[in-house]
Q: 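Sharing a structure below in structure tokens format, with a few things to ask.
We're numbering straight along the sequence, starting at 1.
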Amino acid sequence: MIPVTSFAGKTVAVFGLGGSGLASCHALKAGGAEVVAADDNAENVAKAAQAGFVTADLRNVSWANVASLVLAPGVPLTHPVPHWSVLKAREAGVEVIGDIELFCRERRRHAPEAPFIAITGTNGKSTTTALIAHLTKVAGYDTQMGGNIGTAILSLEPPRMGRVHVIEMSSYQIDLTPSLDPSIGILLNVSEDHIDRHGNIEHYAAVKERLVAGVQGGGTSIVGVDDGFCRDVADRLDRAGKTVVRISVKNPLATGIYFEHGNIVRASGGARSEVAVLGGIGSLRGLHNAQNAACAAAAALAMGISLDVLQNGLRSFPGLAHRMEQVGRRGNVLFVNDSKGTNADATAHALSSFADIFWIAGGKPKAGGITSLTGFFPRIRKAYLIGEAAQEFSGTLGEEVAHEISQTLDVAVEHAARDAEASGLTDAVVLLSPACASFDQYRNFEIRGTKFRELVQALPGVKPVV
């Protein structure tokens with residue numbers, strides 16, 4: 001835990017008592033603050049009370065003595081309308097911040113030079129966060145990983161020299177961190193997402209930009225420049241005098257780091273040199289993972305990690321569970337769990353990574369279905385459709401792609417494994433990448449992916465991928 005000493009002797013209201021909210025309560029109390037805990041969910045309030053915290057309806061408290069409102073990132077700050085607790089705080093002139101802001105204040109007070117790497121982007125931030133954490137561990141750092149990737153930041157160990165915090169940040173978390181100042185900031189990409197919480201893509205992009213714009217003096221801003229929003233961000237950072245490393249997987253760069261013919265390449269002053277080889281690393285297949293790896297490599301180089309250690313770290317990266325996870329092989333058939341592919345855009349990355357695919361798709365459908373994936377249909381040898389989306393997806397695939405309605409994951413895995421093996425293809429892939437939410441048959445994508453892994457590993461002759 002990171003005790004929050006900057007509010008010692010003061011009263012802090014905490015609204016939203018899920019994982020990060022309760023962690024904030026404990027960290028504030030450990031640092032000497034008086035905590036008033038609140039939530040719209042009565043069960044969460046009861047849990048906080050059982051943990052020994054004062055709970056209250058913030059509509060009925062005196063805000064005169066409240067120093068800050070610590071808001072959970074899932075609670076609307078601006079759009080579609082500010083949550084009522086935000087309005088109460090603003091009426092009283094009380095700042096509204098999040099748990100990562102508390103971390104930033106503690107780091108500045110106690111270890112301002114401790115390495116702090118913050119990562120954001122519309123796509124790829126979890127993989128990039130996990131990869132950077134893996135690289136820093138391989139390099140011998142005491143590595144603390146958290147934020148949006150799962151572990152509340154205040155549940156980690158406190159900042160100190162020799163210890164690096166690798167933190168994934170959503171736009172919601174950035175919005176609640178006004179003094180965000182990582183030593184290395186990474187903005188992977190920006191595309192339309194979470195517009196319901198930001199009003200328009202311009203505001204969403206501006207929030208993302210704050211992560212790299214706030215990098216502390218002497219630090220490094222790493223920006224993927226394969227979309228227009230991020231190219232503009234990199235140019236603005238340059239004009240502001242920041243140290244900017246541009247990243248591209250689409251075009252060579254005169255200065256920056258780019259991906260070419262399976263290699264990560266660094267260019268500067270007309271000279272180019274190979275940084276690392278990605279070819280043959282199964283956990284980093286696909287152009288999207290090339291971007292993740294190039295950004296992670298840039299962070300490692302900014303940390304002073306050697307090229308040998310970087311290459312070894314890339315090769316030993318196991319990948320994220322449920323994201324292009326290689327869960328088994330039987331003969332020439334590879335089984336890949338991409339359960340986290342819960343929409344067509346995410347599934348496009350998976351489909352682009354293989355040539356001979358026996359595709360398991362379906363679940364609770366999202367707007368647009370799989371119509372955007374038609375360009376990948378030639379890669380699909382057969383599709384196995386499950387859940388509520390099965391009939392809709394069948395209609396989209398039509399006669400262009402051989403398919404069956406398997407209904408359940410159990411049947412889909414059995415039939416896909418059988419057909420892939422019978423195909424005689426040298427690189428057949430059974431791919432679970434549903435392009436759907438899991439909620440029709442599974443509580444979340446983790447449970448769905450775990451079920452797939454168990455079904456595959458129960459097949460006769462399946463061996464782990466090494």
Side-chain angles (χ1 to χ4, degrees), residues 282-283 285-286 318-344 346-365 369-370 373 376-377 379-394 396-397 401-466:
S283 60
R285 277 191 179 91
L320 280 181
H322 315 300
R323 171 54 82 197
M324 295 287 283
E325 177 190 14
Q326 301 176 110
V327 297
R329 181 181 286 279
R330 184 167 70 179
N332 291 333
V333 181
L334 175 67
F335 296 85
V336 176
N337 167 26
D338 193 49
S339 181
K340 203 168 187 286
T342 56
N343 58 51
T347 293
H349 292 313
L351 294 176
S352 71
S353 300
F354 306 101
D356 296 304
I357 303 168
F358 295 80
W359 180 35
I360 300 173
K364 188 173 181 62
I370 56 171
L373 300 177
F376 300 105
F377 285 1
R379 297 170 178 259
I380 301 167
R381 301 293 161 254
K382 187 173 179 180
Y384 305 81
L385 307 177
I386 62 176
E388 291 178 11
Q391 290 293 342
E392 176 189 336
F393 284 13
S394 174
T396 304
L397 295 172
V401 178
H403 63 276
E404 67 174 58
I405 295 179
S406 305
Q407 292 292 2
T408 66
L409 189 56
D410 307 55
V411 173
V413 168
E414 179 187 348
H415 290 187
R418 175 199 66 200
D419 295 345
E421 190 166 26
S423 71
L425 294 163
T426 56
D427 291 302
V429 175
V430 173
L431 170 68
L432 170 68
S433 190
C436 283
S438 57
F439 309 135
D440 61 333
Q441 294 179 327
Y442 299 95
R443 191 165 70 249
N444 54 50
F445 72 82
E446 290 100 336
I447 293 172
R448 178 175 60 191
T450 300
K451 177 67 171 176
F452 176 77
R453 187 192 302 129
E454 291 170 349
L455 290 167
V456 167
Q457 293 172 351
L459 292 170
V462 169
K463 297 180 179 178
V465 176
V466 293

Q: List the steps, then state whether side-chain contact (heavy atoms from CB on, under 4.5 Å) holds for Val336 with Phe354.
A: CA-CA 10 Å; Val336 176; Phe354 306 101; 3.9 Å; yes
Q: Nearest 0.5 angstrom please: Asp419 CG to Leu425 CG, how far?
A: 11.0 Å
Q: Measure the spacing between CD of Gln326 and CZ of Arg453 and express it to the nearest 0.5 Å.
A: 13.0 Å
Q: Is there a side-chain contact between Lys382 and His415 (heavy atoms, below 4.5 Å)?
A: no
Q: Mind listing the closest non-hydrogen atom pair of Val462 and Gly328 along with its distance?
A: CG1-CA, 3.9 Å
Q: Provide the closest heavy-atom pair for Leu459 versus Ala417 in the form atom of the first, atom of the second, distance.
A: CD1-CB, 3.7 Å
Q: Counting C-beta onward and ignoring hydrogens, is there a side-chain heavy-atom pair between Ile357 and Phe376 closer than 4.5 Å?
A: no
Q: Where do Gly369 and Ala344 come nearest, in terms of heavy atoms and distance?
A: O-CB, 3.5 Å
Q: Can you list everything that forms a side chain to side chain donor-acceptor pair (under 3.5 Å) with Arg379? Sequence neighbours excluded, please.
A: none
Q: Taking side chain as C-beta onward, heavy atoms only, is Phe335 less than 4.5 Å from Gln457?
A: no
Q: Kindly compute the distance separating OG (Ser438) from CZ (Phe445), expressed to the nearest 0.5 Å.
A: 8.5 Å
Q: Heavy-atom count around Asp427 CG within 6.0 Å, excluding the residue itself: above 12?
A: no
Q: Indicate the atoms forming the closest heavy-atom contact of Ala435 with Ile370, along with that distance.
A: CB-CG2, 3.8 Å
Q: Indicate the atoms forming the closest heavy-atom contact of Ala389 with Cys436, along with that distance.
A: CB-SG, 3.7 Å
Q: Quick one, Arg448 and Gln441 - any side-chain contact, counting heavy atoms below 4.5 Å?
A: no
Q: Please tell me if the side chains of Asn337 and Val456 come closer than 4.5 Å, counting only heavy atoms from C-beta onward.
A: no
Q: Considering residues at least two apart in sequence or located in another chain, which fulfil the side chain to side chain donor-acceptor pair (under 3.5 Å) criterion with Ser394?
A: His403
Q: Return the NZ to OH distance between Lys364 and Tyr442, rounded to the nearest 0.5 Å.
A: 16.0 Å
Q: For Ala350, give me all partners under side chain to side chain contact (heavy atoms under 4.5 Å, CB included), at least two apart in sequence or on another chain.
A: Met324, Asp338, Leu431, Ser433
Q: Are Val413 and Phe452 side-chain neighbours, meaning at least one heavy-atom pair lies under 4.5 Å?
A: yes
Q: According to side chain to side chain contact (heavy atoms under 4.5 Å, CB included), who are the partners of Ala416, at least two apart in sequence or on a separate chain?
A: Phe358, Ile360, Tyr384, Val430
Q: Side-chain contact, heavy-atom cut-off 4.5 Å: Thr396 with Phe377?
A: yes
Q: How would you list, by chain and number, every residue that makes a side chain to side chain contact (heavy atoms under 4.5 Å, CB included) with Glu446, sequence neighbours excluded?
A: His322, Asn444
Q: Please name all residues satisfying side chain to side chain donor-acceptor pair (under 3.5 Å) with Lys451, sequence neighbours left out, ordered by chain then number.
A: none
Q: Do Lys340 and Leu320 have side chains that get closer than 4.5 Å, going by heavy atoms?
A: no
Q: Determine the minimum heavy-atom distance between Leu397 and Ala383, stating which atoms define it.
A: CD1-CB, 3.7 Å
